[in-house]
There are 2 protein chains.
Amino acid sequence: MFSIGQLSKQTGVKVPTIRYYEQVGLLVSAGRTEGNQRRYDKEGLERLGFIRHARDLGFSIEAISALIDLQQHPDRSCQEATEIAQDQLADVREKLRRLTALETELVRISEGCDGDGSSNDCYVLTSLADHRHCRTEHYC
Amino acid sequence: MFSIGQLSKQTGVKVPTIRYYEQVGLLVSAGRTEGNQRRYDKEGLERLGFIRHARDLGFSIEAISALIDLQQHPDRSCQEATEIAQDQLADVREKLRRLTALETELVRISEGCDGDGSSNDCYVLTSLADHRHCRTEHYC
DNA sequence: CCTTGAAGCTCTAGTGACTAGAGGTTGTAG
DNA sequence: CTACAACCTCTAGTCACTAGAGCTTCAAGG
């Protein structure tokens, strides 16, 4: 049996975050000692490891909830799990596309200016003032 | 002179967002009509355009505040503006690095599973349960 | 001049995924 | 048995908005 602090050390998830996961229903309410402190077993550890890994991969709490539901109903097809993963992949690719466009603009803006001179003709500032200089469509 | 709605249409920034920018000090408080409605001139329009563009490029409200300060003190060197832009670029590149690693993992996870079979041997779920399968370091 | 309704106003609360802090209680090593 | 690290709950703060309630004003048509 682990205390919340030991669980935290083993998974790298901060103590308040573990309590937060319980609060929002991602983790089943842990058993308690007589003095009301949480105690976890191996299953709790694995569950938190799963959550941690999924969060690292950018899955939302909602998506992780859905994945955990699937784990607990092994009779259901894994098609849903695959769909969730592919949605997440599409999401990541969209973000990559946008960030790449941003990178292009920021390089253009940063390089136009050598840092000398006064700010009333600073290329950074004039570029930001006028979108028409941009060579890519970008938005976040 | 523009109403807040006209300003919104011209810049693509939503009306409540414009009011929010005023509240947090990004936009100078607008002049008002006798009936207390905001009225903007060309300067207000340009300022909001600047903010919009900078937000699109992912600059934080705080960074934009600093950039606006620089605009209003043309005597100060534009080195600071360049620094802010380069910080933002470094930020974007770091995000790109992470997202690329995530993409690799998600492709691996999604492709391992054909969507058939029951979820107790679903590759998506077992991959999420065990980080050791991963081929890249990833975290967000 | 009067009515109507779109657009404006302020204020509060909610979003996601935590994080920080106050103020009190429990577990455990020495 | 004592000291104190670790635990507990609860509230509020973060960022950049967004939504909604309940009210007022502006402008066009009759």
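So that the names make sense, note that chain A is the first sequence line, chain B the second, and so on, each numbered from 1.
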Using a heavy-atom cut-off of 4.0 Å across all strands, would you classify Arg19(B) as base, sugar-phosphate, or nothing? base
Classify Tyr21(A) by what it touches in the nucleic acid, base, sugar-phosphate, or nothing, heavy-atom distance under 4.0 Å. sugar-phosphate
For [N], take OP1 and OP2 only and decide whether either is under 4.0 Å from a side-chain N or O of [X].
| X | N | answer |
| --- | --- | --- |
| Arg55(B) | dC17(D) | yes |
| Thr17(A) | dT19(C) | yes |
| Arg32(B) | dT10(C) | yes |
| Thr33(B) | dT25(D) | no |
| Arg39(A) | dC8(D) | no |

Would you kindly compare Ser60(A) and Gln23(B) by the position of their nearest DNA chain C nucleotide and give the one closer to the 5′ end? Gln23(B)
Side chain of [X], heavy atoms from C-beta onward: which of [options] has the nearest atom to it?
| X | options | value |
| --- | --- | --- |
| Asn36(A) | dT19(C), dC26(D), dT9(D) | dT9(D) |
| Lys14(B) | dG8(C), dC8(D), dT18(D) | dT18(D) |
| Gln37(A) | dC18(C), dT9(D), dT26(C) | dT26(C) |
| Ser3(B) | dG8(C), dC8(D), dT18(D) | dG8(C) |

What is the distance, rounded to the nearest whole Å, between atom [atom1] of [X] and atom [atom2] of [N]?
| X | N | atom1 | atom2 | value |
| --- | --- | --- | --- | --- |
| Lys9(B) | dG8(C) | NZ | C1' | 13 Å |
| Leu7(A) | dC7(D) | CG | C1' | 14 Å |
| Glu62(A) | dT15(C) | CD | P | 12 Å |
| Ile4(A) | dT26(C) | CD1 | C1' | 14 Å |
| Met1(A) | dT28(C) | CE | P | 12 Å |
| Ile18(A) | dT19(C) | CD1 | P | 11 Å |
| Ile61(B) | dT18(D) | CD1 | P | 11 Å |
| Arg52(A) | dC18(C) | CZ | P | 10 Å |

Minimum heavy-atom separation for Ile51(B) to Tyr21(B), with atom names? CG2-CE1, 3.7 Å
Of Tyr20(B) and Glu34(B), whose nearest nucleotide on DNA chain D comes first from the 5' end? Tyr20(B)
Can a donor-acceptor pair be found, under 3.5 Å and without considering hydrogens, that links the side chain of Arg55(A) to the backbone of Phe59(A)? yes
Rounded to the nearest 0.5 angstrom, the CD-CD distance for Gln79(A) and Glu83(A) is 5.5 Å
Please determine if Arg98(B) and Glu94(B) form a salt bridge, counting it only when a charged side-chain N lies under 4.0 Å from a carboxylate O. yes
Residues Arg32(B) and Glu22(B) bridged, charged N to O under 4.0 Å: yes
Run the salt bridge (charged side-chain N to carboxylate O under 4.0 Å, His left out) check on Lys42(A) and Glu46(A) step by step: do they pass? CA-CA 6 Å; Lys42(A) 194 159 151 285; Glu46(A) 281 165 7; 3.2 Å; yes
